[in-house]
Amino acid sequence: MFNRESSLAGALKSSWLLAALLGAAIFPAQAQNASTIKLGIVSFLTGPAAAPFGIPGRNGAEVLIDAMNAGKVPAPFNKIGFGGTTVEAKYIDETGSAANVVTEFRNLVQRDQVEAVVGYISSGNCLAVTPVAEELKAITVFYDCGTPRIFEEKPRAYVFRVSPLSTIDNVGAARYLLAKKPDVTSYSGINQNYAWGQDSWRDFTGAMQVLAPKVTIDKSLFPKLFAGEYGAEISTLLTSSSPVLHTSFYDGDLEAFLYQEQARALDKRMTIIATTGEAAIWRLRDKMPDGTIIGARGPFGPLAPDSEFNRWFQKIYTDRYGTPPTYPAYQMVMSLLGLKLAYEKARKGDTKPTSDEIAASFKGIEFEGPAGVVKLAIGDGHQGIMGTAYGIYRFNKAKNEPEIVDIMRFPAECVNPPAGVTADDWIKDGMKGAKC
Amino acid sequence: MARHGRIAAGAALLLAAAAAFVLPDWIISLATIAFANGLVVLGLIVLWRAGLVSFGQALYYCIGAYAVALVGRATGVTDAFLLMLIGGAAAGLVAFVVGFLLARYREIFFAMLSLALSMILYGVLVKAESLGSTDGFSVASPTFFGYAPHQEKLLMALYWLVLAVCAIAAFLIDAYFRSVSGALAMPVRDNEIRVEFLGMSVSRLIHTKLVISGLLAGMGGALAAFAIGHVDPNMSYWTTSGEFVFITILSGAGSVVSAFVGSLAFESLRSFAFAMLPQLWQMLLGSVLLLTILFLPQGLGSLVTRLRWRRKAAAP
Amino acid sequence: MLTAFAILIDGLVYAAYLFIVAVGLTLIFGVMKILNVAHGSFYTFGAYGAATAIGIYFDRGWPDAGGFLLMALLAMALGLVLGLILERSVMRLVYGRDEVVMVLVTYAAFLILEDVVILVWGAQSYPTYQPLLAAGNTAVGALILSNYDLGLIATAALIAVISWWALKFTRYGRLLTAVIFDRETAAAFGINVTAVYTITFVIGAMLGALGGAIMAPKIAVTLGIGVEVIVLAFAVVAIGGMGSIEGALIGALIVGICRAAAVHLVPQVELFVIYGVMALVLMIRPYGLFVRAQPRRI
C-alpha cells in the first residue's frame, strides 16, 4: 500500500506528534509563581447554563479578584489579594460528564497546585467533586449548587458552601405566596424533569402542605430539560383553574416558556412564581410579566439589602459588564469573600496556611458582604444560612428598567432547617423551630 | 508479527504499571478513567469490525456503573473484584436480552435503536428520585480482598486493577479476533449472505459480539464508577455514547491496543483543551477529530502499528 | 372534548416543529447516506441569524412582515454559505468512506461550529420574541392559541408540499429521486452525482437554518440549542424511515400527537415518549415506516 521509506518517516513523525500531544496535555504551563495565590474557578463557560449562571459567576470572580488585588474592596476586606498576596485565578469550564469534572478538579488541585477551588453550578457536579475534595484535602467552596445532600450525607472537612441551600427558595416562595394571597385555593407547577426541578417542586409542595394544608395541587408538569417547545404544557395550564403557577425554570427554558405563554396570555390567568427569575430580568425586561413573584435564590441582586458594600459592588460590576450583577455573581462574590476571610484568619506571618488551618478558620465563619450577613451555621459549620426575600416584578416604563416591589424578607432561621436536621425531614415534620 | 506485537504490548503494560511510581497522582487518575473507558471502546471495536456502530453503548456502561453503586449501597459490599464482576455480568445479561432484538438490525437502524434503548434507561434513572435523579449518588471506596487502601494507595491499587483488567480483556479479545467467530467479522461486514452460505448464522455471530461488547462496557462502567466515586444518569445519555464512538474512530479498529492508546490520547487532549482554551475546547477537539479522519484514516492506533513496523524493519 | 381538541392542536404544533427541524436531515440522508450531525449547527446558525435580523429590524416601527422575510432570508443565506463551505472543503474529501466515518466528520464540524458561534455571537443569549408576540393570539373556547403556532403548522405544511412537488415534478427533483434510488445507475446514465450532492447538501443546510430561524422567536437563542435538536431530528427521521420526506412528516405527526397526549393525560411519561415511540416503531418496522426493503447484494 505504501512504500517503506515514507511509512518510516511517517511513523517517526506521527509518533513525535503523539508524544508531543501527550506531553502537552501533561505539562501545560507548569510555571509556578510563589508570590501569588492561585485559585481554581469552575463555572459553565459553554452550553445552555453559561449565559444565565456560568458567565455572571465568572464575571463576579473577575471583577472581585481585580478589586481585591488592587486593595479596593471595602473594609474589612481591604487587604490586597488574600492577606497581602495577590490572587491569580484559573478559569475552567464545568461542562462535561462527572468523570470530566472530577478529572479537571484533580488537575486543578494536583497539576496546577491551586490553593483552593471555588465553583460548580450543577448539584450533580458538587456531589461528585465532594469526596475527591475531601480525599485530596483541597479547600473547596461551592458557589451556586443548592442541594442539601452535600452536608447531610456525611460531615465534611474541607468542603464549604457560603451560598444558602435551595430549600430556602421554595420555603420562602410558599411563605410569600401565602402572605400575599392568603385566599389561594389551588396551585399548579411546571418544573424541569431533572433533580433541580423535582427537588424544587417537592420542597414547594411540602412547604405548602405544612403552611396551608387545605390548598390543593392541580397540574404538576415536568417537561424535559431544555425542551424548548411548551405548547402542550401551556394548553394544559390554560385549562387549569388554579390561579398560581410555581416554576423553578431558569434562564433559557424560563425565557422560552415566558415568551410562549405570553403569546397565549397565560399570565393574565395565573400568577407565576419564578424562584430563579431574578437571573433573567435584565434581559427579559418588559417581557417578564408584571406581577410575577420573583426570587433570587437568596437576598441577591435587586433583592439584596441596601448597603454601601452592595452599591459598591453593583457599581464596579455594572461599569465593567454593562449590566447589573445577578444572583450567580453575588453567590460567587460571597463565596470568595468568605474564603478570603478564612484564609487571612488562618495565615500567620508570611507562610501560606495549610488546608487544615484554612478549614479550621472557615468553620462557622460569619461576615457581612454585598448580600448582607451570612453565617456558616449548619452542616457542622460548613453550610451558610442567609435569609431570603421575594418580591413582585414590575417593569418601570418611566425609568425604563426592571424593578422588584413589595419585597418581603424572611430571616435565615425562618427558611433554613436548624443544625442537625435534614431539609427534607424538616419540611415533612412541619418546619419545626422556624423563627419568622 | 503476532509474537512481536504481544511482546511489545507486554512491555508497554509493564511500563504503564511501573509509571504509577513516578507519575503524579492526577495523571494516574486521568489514565485510570481513560483505560476504563478504553474497555468500552474495545467493545465498540469488536462491533465495528463487523460493520456495526452503536450510538447507545452508554446503556451498558451505565448499567455496569449503577450495578456497582446499587449493590454496594444495598449490601455494603465493597470488594472491587466482586462488584466489577457483578457490573460486567449485569451489563452482559442486558446485552444478551436486548441482543435478541438488536442482532436483527444493521447500519444506522442498529445505531438508532441502541440509542433509543439507552435513552429509555436515562429516562428511568431521571425519574428515580430515590436514586438522586440527575444528581446521582456516590460510590463507596472499593476494597481489594479485604485490603482497604486510602488516598494515593487507593489510586494506585485502582490503576493497577484497571490495567490488569484491560490487559486480560485485550489478550482475550485479541484471541477472539483470531478465532473463527472473530475472524468472520470482516466477511459479515462485507457481505452477510455469503457468510450465511458458508453455513454460519450471522445473527448468532452478531449476538455474541453484542454480549462481548456489553460485557466490556459494563466492566468499563464499573471501573469508572470506582474511579469517579459517583454515578449519575448522564452516563446513559446519548452524548456519552457519542463520545465513545468518537474515541473509537480516533483509535481505529486496527488492533486491540489502539482502544487504550486512543482513549488515553483523547482524555489527555480533552484535559489539555480545557486548560488551554476554557471556552473554545470543543473547537480543538473537533479539529483534531477532523484531522485524524482526513490524515490518519486508520486512527491513532495505526501509529502503534507503524511503530511496530519500524522496529521490524530495523531488525535483521 | 376541549382536551381532545387541545391534544390535536398541540400535537400538530409540535409535529410542525419536528418536521421543520427534521426535513433537511432526512433529505441529506436520503441522497447522500450521511447522518448529518452538523444539522444541529445549521439550526443554531439559522437561529442566531434570525436573532441578528430581529436585532436589526424590529422595534423600529417597520411592518412586521418585512421582519419575517428578513429573518428567513438571513438564516437561509447563512445556511447556504455554511453548507457550501462544509461540503466543498470537508465532505468532498470523505465521500465513499464508511458511513460512521462520515457521521463523525459531521460531528467534528458540529463541535467546531459550536465554538464559532461563541466567537461570532458571544456566550450571551438573544431575545427574539418580537415576531411571536407581534403575531397575536386567537381564543377558541377556554383555549388561547398563538397565531405564530398556527403559522408554524401552515409553514410545515407548505414545506412538505413544496418538497413533494419539487421531488415529483421538477427536473432536479427527478434527478434526485434517481440518485436516491440507485446512485451507481444514476451515474451511469450521465447524472452528475457530485453536483447533485453539493446542491442537496446546501439545500439541506438551508432547510436546517430555516428551522432555526422559525423556532428562534419561541426560544431563547443561546448556546447548546443545536444539541437538543439533533437527537430529536434523528428520532423523527428514524421513525419515518431514513431519507423519506413523507416518512419524516408521518414520524413528526406520530411523535407530536403522542407527546401532546402524554402531557395532557399522563405527564409522568413525557420524558419517554419520543424514545419509546422510536423503539416501538423500529421493533415493528426495522427500517422505519416509509422505507422499502433494501435488496440484498450477493
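Here is how names work: the chains are called A, B, and so on, in the same order as the sequence lines, proteins then strands, and each is numbered from 1.
- At a heavy-atom separation below 4.5 angstrom, chain A is approached by B/L30, B/I33 within residues 30-37 of chain B.
- With a 4.5 angstrom heavy-atom cutoff, A/T147 touches chain B only via side-chain atoms.
- The shortest non-hydrogen separation linking A/A99 to B/I228 is CB-CD1, 3.4 Å.
- Minimum interatomic distance between B/F274 and A/T95 (heavy atoms only, all atoms of both residues): CZ-O, 3.3 Å.
- Using a 4.5 Å cut-off on side-chain heavy atoms (C-beta onward), B/P278 and A/I92 make no contact.
- Contact count against chain A (heavy-atom pairs under 4.5 Å) is highest for B/D25 among B/D25, B/T240, B/N234.
- Atom CD in A/Q110 sits 10.0 Å away from atom CD1 in B/I27 (nearest 0.5 Å).
- Here the straight-line distance linking atom CZ of A/R111 with atom OG of B/S271 works out to 5.0 Å at 0.5 Å rounding.
- Proximity to chain A among residues 127-137 of chain B is limited to B/K127, B/E129, B/G132, B/S133, B/T134, B/D135, B/G136, B/F137, judged by heavy-atom separations below 4.5 angstrom.
- Side-chain contact check for B/H230 versus A/V129: every heavy-atom pair is 4.5 Å or farther apart.
- Interface remark: A/N100 contributes backbone and side-chain atoms alike to the contact with chain B (heavy atom separation under 4.5 Å).
- Under the salt bridge (Lys or Arg N to Asp or Glu O under 4.0 Å) criterion, B/E243 pairs with no residue at all, not counting sequence neighbours.
- Interface summary for chain A: among B/Q279, B/Q282, B/R270, B/M235, the most heavy-atom pairs under 4.5 angstrom belong to B/R270.
- The stretch residues 101-109 of chain A places A/V102, A/T103, A/E104, A/R106, A/N107 near chain B, each with some heavy atom under 4.5 Å from a heavy atom of that chain.
- A distance of 8.5 Å separates CG in A/L136 from OG in B/S29, rounded to the nearest 0.5 Å.
- If you tally non-hydrogen atom pairs under 4.5 Å between each of A/D93, A/N193, A/T130 and chain B, the highest count goes to A/D93.
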